[in-house]
There are 2 protein chains.
Amino acid sequence: KRQFAVMGLGRFGSSVAQTLHEMGYEVLAIDQNEERVQDFSDKVTHVVEADTTDEDSLQALGIRNFDVVVVAIGQNIQANMLTTLQLKEMGVPYIVAKAQNALHGKMLEKIGADRVIYPERDMGKRVAHNLVSTNVLEYIALSPDLSMVEVTAPKALVGKSLLETNLRAKYAINVLAIKRKDEIIVPPLPTEKIMLEDILIVVGGNEGVQRLEELE
Amino acid sequence: KRQFAVMGLGRFGSSVAQTLHEMGYEVLAIDQNEERVQDFSDKVTHVVEADTTDEDSLQALGIRNFDVVVVAIGQNIQANMLTTLQLKEMGVPYIVAKAQNALHGKMLEKIGADRVIYPERDMGKRVAHNLVSTNVLEYIALSPDLSMVEVTAPKALVGKSLLETNLRAKYAINVLAIKRKDEIIVPPLPTEKIMLEDILIVVGGNEGVQRLEELE
Ligand SMILES: Nc1ncnc2c1ncn2[C@@H]1O[C@H](COP(=O)(O)OP(=O)(O)OP(=O)(O)O)[C@@H](O)[C@H]1O
Ligand SMILES: Nc1ncnc2c1ncn2[C@@H]1O[C@H](COP(=O)(O)OP(=O)(O)OP(=O)(O)O)[C@@H](O)[C@H]1O
C-alpha cells in the first residue's frame with residue numbers, strides 16, 4: 001500500500017491527512033508549528049514537527065521513500081515552492097502542491113509539482129454555481145448533464161412508495177437516499193414510503209431534476 | 001435576477017464573486033482591506049471597502065436588499081460570526097458562511113447561516129480520494145455518510161451487466177450514470193453492460209464506495 005506524507009496542517013492539509021488515515025493508509029503529517037503538531041498527534045500514524053524547506057530535515061525524515069507527498073503550505077508561497085523544489089530534487093515520485101493563485105500554480109508546475117490544487121478557488125466556483133441554480137438545499141453538478149439535488153419531499157409524493165411515485169420513468173431520476181430526522185436510508189428500497197418532512201437526495205439529468213424541484 | 005453580495009475577498013470569496021459575475025449576475029464585493037478592494041475593482045459590478053461587522057456600514061450598503069449574501073471572511077472567526085448575526089437580524093433571506101472548522105460551522109448554523117461551507121476541508125477529502133485510486137476522477141462527499149465517486153470501470157466489471165455486477169448488494173452502492181465517450185446514460189438499465197473505458201458515476205455509503213475505488 002502506498003505511503004503518503006502531508007506537509008502543512010492547515011485546513012486543507014489536515015483534511016487530506018485525516019481522510020487518507022481514515023481510509024486505512026499510512027500518513028506522515030508534518031508541520032513546523034508545534035501547536036498544530038500536538039493537536040494532530042492522535043489523528044494519523046505519525047506527526048512530526050519540522051521545517052520542510054530544510055533539506056537536512058527532509059533527508060532525516062526519509063521523504064524520498066514516500067510515494068506521494070502533498071505540499072499543503074499556504075500563505076508562505078516561498079516555503080511552499082522551496083519545499084516542492086526540494087522534493088522534486090530528492091526524487092519523490094508524485095508531488096501534489098496547493099497554490100495560492102494562478103501565477104503561483106504555474107510556477108509550481110514548472111518546478112516539478114505533478115498536480116496543483118486550488119481548493120478555495122474551485123470551491124468558490126462550485127458554490128457560485130450552487131447559488132445560481134436553485135433554491136433547494138443542496139445542488140451539486142456532477143457533470144454538465146447530471147445533477148444531484150436534496151429536496152424536501154413534495155407533498156404530492158408523501159404517502160407513496162418510491163415504486164408508486166414512478167420517478168425513474170417520469171423524470172429519469174434516481175432517489176439515492178432519504179434523510180428522515182437523524183437517520184439516512186441508503187439505498188432506499190422501492191417499497192419505502194415517503195413521509196412528510198423527508199429529505200430526498202436525488203440524481204438525474206438536469207431537466208428531470210428541475211421538474212422535481214418545481215413539484216409542489 | 002437575484003442580487004448577490006460577497007463579504008471577504010480572500011481566495012474563496014473572490015472566486016465566488018468572480019464566478020457569479022462571469023455568469024452575468026450583479027455582485028457587490030466588500031472587503032475591509034483597501035488593497036484587495038483595489039485589485040478587485042474591475043472584476044465585478046461594484047466593490048466597496050467596508051468593515052462588515054459595523055452595523056451602520058451594512059445599513060448604508062443597503063445589504064438587506066440583497067437576495068443572497070456570502071460571508072467569506074476567513075481567519076477572523078469573530079468577525080465572520082458577528083457579520084453573519086447582523087445579516088440575520090437585518091433579514092437577509094439567504095446567508096452562506098464559510099467556516100474554519102466543524103465547531104465554528106455549528107455556531108454559524110445556530111446564529112442563522114442558511115448554508116455553511118468548508119472549502120479546504122471538502123477539497124482535502126476530494127484530493128485524498130483522488131490520490132488513493134488512480135481510477136477515481138472525482139469524489140464528492142454528499143453528507144457525512146454518503147459519497148459520490150466517478151471511477152473508470154474496474155476491469156473486473158467490464159463485460160458484465162449492472163445486474164450481474166450486483167453492486168447494490170455487494171457494496172450498497174448505486175450506479176447513477178455511465179459516461180461512455182461523449183454520451184451519458186442516466187439512469188442506466190439493470191441490463192446495461194459495462195464496457196472498457198466506461199466511467200461509472202456511483203453513490204453510496206463511504207465504505208462501499210471505497211471498496212469500489214480499490215477494485216482493479
Ligand atoms: N516551512 C514550513 N515547514 C512546515 N510547515 C510549514 C512551513 N510553512 C508553513 N507551514 C505550515 O503550513 C500550514 C498551512 O499553512 P497556512 O495556514 O499558511 O495556509 P492556509 O492556506 O491558510 O491553509 P488552509 O487554507 O489549508 O487552512 C501551517 O500550519 C503552517 O504552520
Ligand atoms: N470585518 C471585516 N470586514 C470586511 N472584510 C473583512 C473583515 N474581516 C476580514 N475581512 C476580509 O476577509 C478576507 C478573507 O479573510 P482571510 O484572508 O482571513 O480568510 P482566508 O480563510 O484565509 O481566506 P481564503 O481561504 O478564502 O483565501 C480578507 O481579504 C479580509 O480583508
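The structure presented is a predicted model; accordingly, all values stated were derived computationally and were not measured. A, B, ... follow the sequence lines: proteins, then strands. Residue 1 opens every chain.
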Is the count of non-hydrogen atoms from other residues, nucleotides or ligands lying under 6.0 Å from E207(A) atom CD greater than 12?
-> no
Check the surroundings of atom CD in E183(A): do more than 12 heavy atoms from other residues, nucleotides or ligands lie under 6.0 Å from it?
-> yes
Counting only heavy atoms closer than 4.5 Å, note whether [X] contacts chain B via side chain, backbone, both or neither.
{"X": "V70(A)", "result": "side chain"}
{"X": "A177(A)", "result": "side chain"}
{"X": "L176(A)", "result": "both"}

Between atom [atom1] of [X] and atom [atom2] of [Y], what is the distance when rounded to the nearest 0.5 Å?
{"X": "D122(A)", "Y": "D122(B)", "atom1": "CG", "atom2": "CG", "value": "12.5 Å"}
{"X": "N130(B)", "Y": "I117(A)", "atom1": "CG", "atom2": "CD1", "value": "7.5 Å"}
{"X": "K125(B)", "Y": "L20(A)", "atom1": "NZ", "atom2": "CG", "value": "13.0 Å"}
{"X": "E214(B)", "Y": "M23(A)", "atom1": "CD", "atom2": "CE", "value": "6.0 Å"}

Can you tell me which portion of [X] sits under 4.5 Å from chain A's heavy atoms? Options are side chain, backbone, both or neither.
{"X": "V96(B)", "value": "side chain"}
{"X": "V209(B)", "value": "neither"}
{"X": "P188(B)", "value": "backbone"}
{"X": "Q18(B)", "value": "neither"}
{"X": "V68(B)", "value": "side chain"}
{"X": "Y118(B)", "value": "backbone"}

Given R115(A), E22(A), K1(A), the one with more heavy-atom pairs under 4.5 angstrom with chain B than any other is R115(A)
For the candidates K98(B), E213(B), Q100(B), R168(B), which exhibits the highest count of non-hydrogen atom pairs separated by less than 4.5 Å from chain A?
-> Q100(B)
Between E120(B) and P119(A) the two heavy atoms that sit nearest each other are CA-CB, 4.4 Å
Any sub-3.5 Å donor-acceptor pair from R2(B)'s side-chain atoms to L131(A)'s backbone N or O?
-> yes
